Asks: 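Structure provided below as C-alpha coordinates; questions to follow.
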There are 2 protein chains.
Amino acid sequence: MASSVFLPHNHQHCVQDALRQADTYCEEQGVRLTPLRRRVLELIWEEHKPIGAYDLLARIASEGFNSAPPTVYRTLDFFIQHGLIHKVESLNAYIGCNHEQGSHTSVFFICQNCGVTEELQNPAIEGQLALQAAGMGFQINHPTLEIKGLCKACRHA
Amino acid sequence: MASSVFLPHNHQHCVQDALRQADTYCEEQGVRLTPLRRRVLELIWEEHKPIGAYDLLARIASEGFNSAPPTVYRTLDFFIQHGLIHKVESLNAYIGCNHEQGSHTSVFFICQNCGVTEELQNPAIEGQLALQAAGMGFQINHPTLEIKGLCKACRHA
DNA sequence: AAAATTTGCGTTACATTATAACCTAGCATT
DNA sequence: AATGCTAGGTTATAATGTAACGCAAATTTT
Ligand SMILES: [Zn+2]
Ligand SMILES: [Zn+2]
Ligand SMILES: [Zn+2]
Ligand SMILES: [Zn+2]
(Lines give C-alpha, C1' and ligand atoms only; values in the text may rest on other atoms or scores of the structure.)
(Ligands and ions follow the chains in the order given, each with its own letter.)
Protein backbone atom coordinates (compact mmCIF):
# COMPACT_ATOMS: atom_id res chain seq x y z
CA MET A 1 0.00 0.00 0.00
CA ALA A 2 2.69 2.51 -0.98
CA SER A 3 0.34 4.06 -3.55
CA SER A 4 -0.09 7.79 -3.35
CA VAL A 5 -1.35 10.39 -5.73
CA PHE A 6 1.82 12.33 -5.00
CA LEU A 7 3.85 9.57 -6.64
CA PRO A 8 4.05 8.92 -10.38
CA HIS A 9 1.44 6.41 -11.44
CA ASN A 10 -0.58 5.31 -14.42
CA HIS A 11 -3.34 7.79 -14.07
CA GLN A 12 -5.55 6.23 -16.73
CA HIS A 13 -6.23 3.57 -14.15
CA CYS A 14 -7.44 6.12 -11.62
CA VAL A 15 -9.87 7.65 -14.09
CA GLN A 16 -11.12 4.34 -15.41
CA ASP A 17 -11.56 2.91 -11.94
CA ALA A 18 -13.46 5.97 -10.82
CA LEU A 19 -15.81 5.85 -13.78
CA ARG A 20 -16.36 2.14 -13.44
CA GLN A 21 -17.05 2.48 -9.74
CA ALA A 22 -19.51 5.26 -10.50
CA ASP A 23 -21.25 3.13 -13.14
CA THR A 24 -21.62 0.29 -10.68
CA TYR A 25 -22.77 2.52 -7.87
CA CYS A 26 -25.39 4.29 -9.96
CA GLU A 27 -26.67 1.01 -11.30
CA GLU A 28 -27.01 -0.37 -7.78
CA GLN A 29 -28.70 2.75 -6.49
CA GLY A 30 -31.02 3.09 -9.46
CA VAL A 31 -29.79 6.56 -10.32
CA ARG A 32 -28.63 7.72 -13.73
CA LEU A 33 -25.09 8.51 -14.76
CA THR A 34 -26.13 10.67 -17.68
CA PRO A 35 -23.67 11.83 -20.36
CA LEU A 36 -23.33 15.20 -18.66
CA ARG A 37 -22.69 13.64 -15.27
CA ARG A 38 -20.30 11.08 -16.65
CA ARG A 39 -18.29 13.74 -18.43
CA VAL A 40 -18.20 16.02 -15.39
CA LEU A 41 -16.92 13.18 -13.25
CA GLU A 42 -14.30 12.37 -15.86
CA LEU A 43 -13.15 16.00 -15.89
CA ILE A 44 -12.98 16.07 -12.10
CA TRP A 45 -10.77 13.01 -12.21
CA GLU A 46 -8.54 14.41 -14.93
CA GLU A 47 -5.99 15.36 -12.30
CA HIS A 48 -5.58 14.70 -8.61
CA LYS A 49 -6.30 18.34 -7.98
CA PRO A 50 -9.47 20.01 -6.82
CA ILE A 51 -11.20 21.80 -9.69
CA GLY A 52 -13.44 24.86 -9.42
CA ALA A 53 -17.08 24.82 -10.52
CA TYR A 54 -16.53 27.51 -13.11
CA ASP A 55 -13.47 25.77 -14.54
CA LEU A 56 -15.60 22.70 -14.98
CA LEU A 57 -18.36 24.78 -16.45
CA ALA A 58 -16.04 26.26 -19.06
CA ARG A 59 -14.85 22.80 -20.01
CA ILE A 60 -18.29 21.30 -20.49
CA ALA A 61 -19.57 24.43 -22.20
CA SER A 62 -16.76 24.16 -24.75
CA GLU A 63 -17.99 20.64 -25.44
CA GLY A 64 -21.51 21.70 -26.29
CA PHE A 65 -23.20 21.26 -22.95
CA ASN A 66 -25.19 24.07 -21.44
CA SER A 67 -23.07 26.81 -19.98
CA ALA A 68 -25.17 28.20 -17.15
CA PRO A 69 -24.00 27.72 -13.54
CA PRO A 70 -26.92 25.56 -12.39
CA THR A 71 -25.86 22.90 -14.85
CA VAL A 72 -22.59 22.27 -13.12
CA TYR A 73 -23.73 22.97 -9.57
CA ARG A 74 -26.56 20.47 -9.93
CA THR A 75 -24.16 17.88 -11.16
CA LEU A 76 -21.73 18.58 -8.34
CA ASP A 77 -24.58 18.34 -5.82
CA PHE A 78 -25.57 15.00 -7.25
CA PHE A 79 -22.07 13.58 -6.81
CA ILE A 80 -21.65 15.06 -3.35
CA GLN A 81 -25.00 13.61 -2.24
CA HIS A 82 -23.89 10.22 -3.44
CA GLY A 83 -20.43 10.49 -1.97
CA LEU A 84 -18.61 10.31 -5.31
CA ILE A 85 -16.87 13.65 -4.89
CA HIS A 86 -16.03 16.03 -2.05
CA LYS A 87 -15.94 19.78 -1.81
CA VAL A 88 -12.62 21.14 -0.61
CA GLU A 89 -13.91 24.03 1.48
CA SER A 90 -10.67 25.91 1.80
CA LEU A 91 -10.32 26.07 -1.99
CA ASN A 92 -13.96 26.26 -3.10
CA ALA A 93 -13.18 23.37 -5.39
CA TYR A 94 -14.18 19.79 -5.95
CA ILE A 95 -12.30 16.50 -6.05
CA GLY A 96 -13.16 12.90 -6.79
CA CYS A 97 -13.46 10.29 -4.06
CA ASN A 98 -12.47 6.69 -4.59
CA HIS A 99 -13.11 5.48 -1.09
CA GLU A 100 -15.86 3.15 -0.07
CA GLN A 101 -19.17 4.89 -0.47
CA GLY A 102 -21.27 5.98 2.39
CA SER A 103 -20.27 8.83 4.57
CA HIS A 104 -16.70 8.67 5.79
CA THR A 105 -14.21 10.96 7.45
CA SER A 106 -11.23 11.95 5.36
CA VAL A 107 -8.21 14.15 5.70
CA PHE A 108 -7.15 16.07 2.61
CA PHE A 109 -3.47 16.83 2.15
CA ILE A 110 -3.21 19.69 -0.32
CA CYS A 111 0.11 20.68 -1.86
CA GLN A 112 0.27 24.45 -2.12
CA ASN A 113 2.92 24.19 -4.81
CA CYS A 114 1.66 21.61 -7.29
CA GLY A 115 -1.99 21.50 -6.23
CA VAL A 116 -2.08 17.73 -5.95
CA THR A 117 -4.41 16.64 -3.18
CA GLU A 118 -4.63 13.30 -1.44
CA GLU A 119 -7.63 12.07 0.50
CA LEU A 120 -6.78 9.74 3.34
CA GLN A 121 -8.66 7.98 6.05
CA ASN A 122 -6.87 7.77 9.36
CA PRO A 123 -8.56 6.06 12.28
CA ALA A 124 -6.05 7.46 14.78
CA ILE A 125 -6.91 11.03 13.84
CA GLU A 126 -10.61 10.20 13.82
CA GLY A 127 -10.20 8.58 17.20
CA GLN A 128 -8.61 11.64 18.77
CA LEU A 129 -11.32 13.83 17.30
CA ALA A 130 -14.00 11.54 18.65
CA LEU A 131 -12.32 11.60 22.05
CA GLN A 132 -12.23 15.38 22.12
CA ALA A 133 -15.84 15.60 21.00
CA ALA A 134 -17.00 13.03 23.56
CA GLY A 135 -15.38 15.05 26.33
CA MET A 136 -17.41 18.07 25.27
CA GLY A 137 -20.66 16.20 24.71
CA PHE A 138 -20.41 17.27 21.08
CA GLN A 139 -21.94 15.12 18.35
CA ILE A 140 -19.79 15.10 15.25
CA ASN A 141 -21.76 15.22 12.02
CA HIS A 142 -19.39 16.44 9.38
CA PRO A 143 -15.66 17.04 9.85
CA THR A 144 -13.76 19.23 7.42
CA LEU A 145 -10.08 18.29 7.63
CA GLU A 146 -7.89 19.98 5.05
CA ILE A 147 -4.15 20.29 5.44
CA LYS A 148 -2.26 22.72 3.25
CA GLY A 149 1.46 22.31 2.90
CA LEU A 150 4.10 20.85 0.62
CA CYS A 151 4.19 17.36 -0.77
CA LYS A 152 7.40 15.36 -0.60
CA ALA A 153 8.34 16.07 -4.21
CA CYS A 154 7.77 19.81 -3.97
CA ARG A 155 9.61 19.97 -0.67
CA HIS A 156 12.70 18.45 -2.28
CA ALA A 157 12.58 20.74 -5.30
CA MET B 1 -10.68 24.33 33.02
CA ALA B 2 -14.37 23.53 32.50
CA SER B 3 -14.91 26.78 30.64
CA SER B 4 -16.53 26.47 27.25
CA VAL B 5 -18.31 28.86 24.97
CA PHE B 6 -21.12 26.31 24.79
CA LEU B 7 -21.84 26.88 28.49
CA PRO B 8 -23.53 29.96 29.94
CA HIS B 9 -20.97 32.54 30.96
CA ASN B 10 -20.56 36.23 31.50
CA HIS B 11 -19.86 37.14 27.93
CA GLN B 12 -18.90 40.74 28.68
CA HIS B 13 -15.70 39.26 30.02
CA CYS B 14 -14.95 37.53 26.74
CA VAL B 15 -15.41 40.74 24.77
CA GLN B 16 -13.46 42.89 27.20
CA ASP B 17 -10.63 40.38 27.43
CA ALA B 18 -10.43 40.15 23.66
CA LEU B 19 -10.29 43.91 23.22
CA ARG B 20 -7.75 44.35 25.98
CA GLN B 21 -5.59 41.58 24.55
CA ALA B 22 -5.81 43.24 21.15
CA ASP B 23 -4.85 46.61 22.62
CA THR B 24 -1.82 45.07 24.30
CA TYR B 25 -0.83 43.10 21.23
CA CYS B 26 -1.06 46.06 18.89
CA GLU B 27 0.87 48.24 21.29
CA GLU B 28 3.64 45.64 21.53
CA GLN B 29 3.76 45.13 17.78
CA GLY B 30 3.63 48.81 16.97
CA VAL B 31 0.52 48.49 14.85
CA ARG B 32 -2.61 50.57 15.18
CA LEU B 33 -5.96 49.44 16.51
CA THR B 34 -7.90 52.22 14.80
CA PRO B 35 -11.53 53.00 15.66
CA LEU B 36 -12.72 51.01 12.66
CA ARG B 37 -10.58 48.01 13.55
CA ARG B 38 -11.54 48.14 17.20
CA ARG B 39 -15.22 48.25 16.37
CA VAL B 40 -14.95 45.41 13.86
CA LEU B 41 -13.19 43.26 16.41
CA GLU B 42 -15.85 44.09 18.98
CA LEU B 43 -18.59 43.08 16.52
CA ILE B 44 -16.80 39.84 15.73
CA TRP B 45 -16.71 39.07 19.43
CA GLU B 46 -20.34 39.97 19.97
CA GLU B 47 -21.22 36.29 19.90
CA HIS B 48 -19.24 33.08 19.86
CA LYS B 49 -20.41 32.53 16.32
CA PRO B 50 -18.59 33.10 13.07
CA ILE B 51 -19.85 36.22 11.30
CA GLY B 52 -19.84 36.87 7.56
CA ALA B 53 -17.93 39.74 6.00
CA TYR B 54 -21.06 41.31 4.58
CA ASP B 55 -22.92 41.03 7.86
CA LEU B 56 -20.06 42.90 9.48
CA LEU B 57 -20.06 45.40 6.65
CA ALA B 58 -23.75 46.12 7.14
CA ARG B 59 -23.17 46.68 10.84
CA ILE B 60 -20.32 49.10 10.48
CA ALA B 61 -22.00 50.87 7.58
CA SER B 62 -25.04 51.51 9.77
CA GLU B 63 -22.68 53.14 12.24
CA GLY B 64 -21.32 55.63 9.77
CA PHE B 65 -18.22 53.84 8.56
CA ASN B 66 -17.61 53.35 4.90
CA SER B 67 -19.79 50.67 3.35
CA ALA B 68 -17.65 49.31 0.51
CA PRO B 69 -16.38 45.72 0.74
CA PRO B 70 -12.66 46.58 0.83
CA THR B 71 -13.21 48.35 4.12
CA VAL B 72 -14.19 45.20 5.91
CA TYR B 73 -11.97 42.80 3.98
CA ARG B 74 -8.91 44.90 4.73
CA THR B 75 -9.78 44.90 8.38
CA LEU B 76 -10.35 41.15 8.40
CA ASP B 77 -7.03 40.64 6.62
CA PHE B 78 -5.29 42.72 9.24
CA PHE B 79 -6.66 40.62 12.08
CA ILE B 80 -5.97 37.35 10.31
CA GLN B 81 -2.38 38.42 9.60
CA HIS B 82 -1.92 39.17 13.26
CA GLY B 83 -3.66 36.03 14.45
CA LEU B 84 -6.47 37.85 16.24
CA ILE B 85 -9.22 36.20 14.23
CA HIS B 86 -9.60 33.11 12.05
CA LYS B 87 -11.57 32.45 8.92
CA VAL B 88 -13.91 29.49 9.18
CA GLU B 89 -13.55 28.14 5.67
CA SER B 90 -16.57 25.90 5.66
CA LEU B 91 -18.82 28.86 6.52
CA ASN B 92 -17.06 31.73 4.77
CA ALA B 93 -17.16 33.53 8.08
CA TYR B 94 -14.84 34.93 10.70
CA ILE B 95 -14.41 34.36 14.41
CA GLY B 96 -12.27 35.86 17.15
CA CYS B 97 -9.26 34.03 18.56
CA ASN B 98 -8.30 34.32 22.20
CA HIS B 99 -5.43 31.89 22.14
CA GLU B 100 -1.81 32.78 22.51
CA GLN B 101 -0.73 34.69 19.47
CA GLY B 102 1.58 33.36 16.90
CA SER B 103 0.47 30.69 14.50
CA HIS B 104 -1.19 27.76 16.16
CA THR B 105 -3.25 24.77 15.11
CA SER B 106 -6.85 24.80 16.26
CA VAL B 107 -9.89 22.64 15.87
CA PHE B 108 -13.21 24.41 15.48
CA PHE B 109 -16.33 22.72 16.80
CA ILE B 110 -19.32 24.32 15.09
CA CYS B 111 -22.86 23.68 16.27
CA GLN B 112 -25.12 23.41 13.26
CA ASN B 113 -28.13 24.23 15.39
CA CYS B 114 -27.15 27.26 17.45
CA GLY B 115 -24.10 28.39 15.49
CA VAL B 116 -21.87 28.63 18.52
CA THR B 117 -18.32 27.69 17.66
CA GLU B 118 -15.48 26.73 19.96
CA GLU B 119 -11.83 26.87 19.03
CA LEU B 120 -9.68 24.30 20.78
CA GLN B 121 -6.10 23.26 20.70
CA ASN B 122 -5.50 19.56 21.06
CA PRO B 123 -1.96 18.22 20.99
CA ALA B 124 -3.12 14.63 20.54
CA ILE B 125 -4.95 15.49 17.34
CA GLU B 126 -2.04 17.60 16.14
CA GLY B 127 0.28 14.73 16.97
CA GLN B 128 -1.65 12.24 14.88
CA LEU B 129 -1.77 14.68 12.00
CA ALA B 130 1.96 15.25 12.26
CA LEU B 131 2.53 11.51 12.31
CA GLN B 132 0.46 10.97 9.19
CA ALA B 133 2.19 13.84 7.42
CA ALA B 134 5.64 12.63 8.42
CA GLY B 135 4.88 9.22 6.95
CA MET B 136 4.06 10.88 3.63
CA GLY B 137 6.97 13.29 3.66
CA PHE B 138 4.38 16.06 3.68
CA GLN B 139 5.20 19.39 5.30
CA ILE B 140 2.19 20.83 7.09
CA ASN B 141 1.81 24.57 6.69
CA HIS B 142 -1.77 25.36 7.45
CA PRO B 143 -4.34 22.90 8.75
CA THR B 144 -8.06 23.65 8.43
CA LEU B 145 -9.90 21.58 11.03
CA GLU B 146 -13.59 22.36 11.30
CA ILE B 147 -16.07 19.97 12.84
CA LYS B 148 -19.76 20.52 12.26
CA GLY B 149 -22.22 18.84 14.55
CA LEU B 150 -24.36 19.45 17.60
CA CYS B 151 -23.24 20.95 20.86
CA LYS B 152 -24.23 19.30 24.11
CA ALA B 153 -27.08 21.71 24.80
CA CYS B 154 -28.59 21.40 21.33
CA ARG B 155 -28.24 17.64 21.42
CA HIS B 156 -30.30 17.47 24.59
CA ALA B 157 -33.00 19.80 23.28
C1' DA C 1 10.05 71.83 11.43
C1' DA C 2 10.10 70.23 6.56
C1' DA C 3 10.39 66.49 3.62
C1' DA C 4 9.88 61.80 2.68
C1' DT C 5 7.76 57.49 3.61
C1' DT C 6 4.38 54.46 5.27
C1' DT C 7 -0.18 53.31 6.63
C1' DG C 8 -5.20 53.42 6.66
C1' DC C 9 -8.89 53.69 4.20
C1' DG C 10 -12.28 56.08 0.71
C1' DT C 11 -13.85 54.97 -3.91
C1' DT C 12 -14.93 52.67 -8.25
C1' DA C 13 -15.14 48.88 -10.71
C1' DC C 14 -15.05 44.11 -11.27
C1' DA C 15 -14.20 38.97 -10.39
C1' DT C 16 -15.57 34.70 -8.41
C1' DT C 17 -18.65 31.51 -6.33
C1' DA C 18 -23.34 30.01 -5.67
C1' DT C 19 -28.62 29.84 -5.65
C1' DA C 20 -33.71 30.73 -6.62
C1' DA C 21 -37.41 30.07 -9.51
C1' DC C 22 -39.61 28.64 -13.41
C1' DC C 23 -40.09 25.74 -17.35
C1' DT C 24 -39.74 21.75 -20.66
C1' DA C 25 -38.55 17.43 -22.46
C1' DG C 26 -37.73 12.79 -21.71
C1' DC C 27 -38.12 8.66 -19.05
C1' DA C 28 -40.67 5.55 -15.95
C1' DT C 29 -44.75 3.63 -13.86
C1' DT C 30 -49.40 2.55 -14.12
C1' DA D 1 -52.29 7.05 -23.20
C1' DA D 2 -52.13 9.28 -18.72
C1' DT D 3 -49.43 10.34 -14.83
C1' DG D 4 -45.70 11.46 -12.20
C1' DC D 5 -40.70 11.94 -11.71
C1' DT D 6 -36.06 13.26 -13.05
C1' DA D 7 -32.60 15.84 -15.64
C1' DG D 8 -31.49 19.77 -17.15
C1' DG D 9 -32.36 24.35 -19.98
C1' DT D 10 -33.01 29.32 -18.93
C1' DT D 11 -33.08 33.77 -16.68
C1' DA D 12 -32.04 36.37 -13.08
C1' DT D 13 -29.88 37.41 -8.90
C1' DA D 14 -27.38 36.62 -4.44
C1' DA D 15 -23.24 36.11 -1.80
C1' DT D 16 -18.40 36.39 -1.33
C1' DG D 17 -14.05 38.46 -2.46
C1' DT D 18 -10.26 41.60 -5.20
C1' DA D 19 -7.74 44.99 -8.15
C1' DA D 20 -6.40 49.43 -8.73
C1' DC D 21 -6.16 54.21 -7.88
C1' DG D 22 -5.88 58.15 -4.89
C1' DC D 23 -5.57 60.93 -0.86
C1' DA D 24 -4.84 62.26 3.84
C1' DA D 25 -3.24 61.34 8.30
C1' DA D 26 0.46 59.28 10.93
C1' DT D 27 5.21 58.03 11.34
C1' DT D 28 9.96 58.33 10.24
C1' DT D 29 13.85 60.63 8.41
C1' DT D 30 16.54 64.61 7.33
ZN1 LIG E 1 -4.24 9.05 -10.42
ZN1 LIG F 1 3.47 19.31 -4.56
ZN1 LIG G 1 -17.96 34.29 25.66
ZN1 LIG H 1 -25.73 24.31 19.73
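Quick note: numbers below take in every heavy atom, side chains included, and nothing from hydrogens, waters or symmetry partners. Model, not experiment: these values are computed from the prediction. In what follows, chains are A, B, ... by sequence order, proteins preceding strands, each numbered from 1.
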Asks: Answer yes or no: does atom CD of E27(B) have more than 12 heavy-atom neighbours from other residues, nucleotides or ligands under 6.0 Å?
Replies: no
Asks: Among dG8(D), dA19(D), dA20(C), which nucleotide sits nearest the side chain of T34(A)?
Replies: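 Shortest atom-to-atom distance from the side chain points to dG8(D).
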Asks: Check if the side chain of R37(A) and the base of dG8(D) share a donor-acceptor pair of N or O atoms closer than 3.5 Å.
Replies: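 Checked by distance alone, the answer is no.
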Asks: D55(A) has an atom CG; how far is it from atom P of dA18(C), in whole Å?
Replies: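 The distance from CG of D55(A) to P of dA18(C) comes to 11 Å, rounded to the nearest Å.
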Asks: How long is the line joining CG of D77(B) and P of dC9(C), in whole Å?
Replies: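 Atom-to-atom, D77(B) to dC9(C), this comes out as 13 Å.
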Asks: Can Y54(A) be called stacked on dT17(C) when the rule is centres closer than 5.5 Å and an angle between planes below 30°?
Replies: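 Taking the rule of under 5.5 Å and under 30°, the ring of Y54(A) does stack on dT17(C).
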Asks: Scan F65(B) against the nucleic acid and name what it touches under 4.0 Å (heavy atoms): base, sugar-phosphate only, or nothing.
Replies: nothing
Asks: Return the value, rounded to whole Å, for the distance between atom CD of E89(B) and atom P of dA15(D).
Replies: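 Atom CD in E89(B) sits about 20 Å away from atom P in dA15(D).
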Asks: So, R20(B) and D17(B), do they make that salt bridge, N to O below 4.0 Å?
Replies: yes
Asks: dG9(D), OP1 or OP2 - any side-chain N/O from T71(A) closer than 4.0 Å?
Replies: yes
Asks: To the nearest Å, give me how far apart CG (L76(B)) and C1' (dC9(C)) are.
Replies: 14 Å
Asks: Report yes if a donor N or O on one partner sits less than 3.5 Å from an acceptor N or O on the other, where the partners are the side chain of R74(B) and the base of dG10(C); otherwise report no.
Replies: yes
Asks: So, is Y73(A) close to the dA14(D) phosphate, meaning a side-chain N or O under 4.0 Å from OP1 or OP2?
Replies: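 So the side chain of Y73(A) is outside the cut-off, no N or O lying under 4.0 Å from OP1 or OP2 of dA14(D).
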Asks: Heavy-atom count check: over 12 atoms from other residues, nucleotides or ligands less than 6.0 Å from K152(B) NZ?
Replies: no
Asks: Can you tell me if the side-chain N/O atoms of N92(A) get under 4.0 Å from OP1 or OP2 in dT16(C)?
Replies: no
Asks: Given atom CG of L33(B) and atom C1' of dT7(C), what is their separation to the nearest angstrom?
Replies: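 Computing the L33(B):CG to dT7(C):C1' distance gives 15 Å.
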Asks: Can you check whether H99(A) and H86(A) have ring centres sitting under 6.0 Å from each other?
Replies: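 When the ring centroids of H99(A) and H86(A) are compared, they turn out to be at least 6.0 Å apart.
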Asks: Roughly how many Å is it from CD1 in I51(A) to P in dT17(C), rounded to a whole number?
Replies: 11 Å
Asks: Output yes when at least one side-chain N/O atom of K87(A) is less than 4.0 Å from OP1 or OP2 of dT17(C), else no.
Replies: no
Asks: Using whole Å, report how far CG of L91(B) lies from P of dA15(D).
Replies: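 Value for this atom pair: 16 Å.
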Asks: Which sits closer to the 5' end of DNA chain C, P69(B) or N66(B), going by the nucleotide each is nearest to?
Replies: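 First, find each residue's nearest nucleotide; the 5'-ward one identifies N66(B).
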Asks: Nearest-Å distance, NE2 (H82(A)) to P (dT6(D))?
Replies: 11 Å
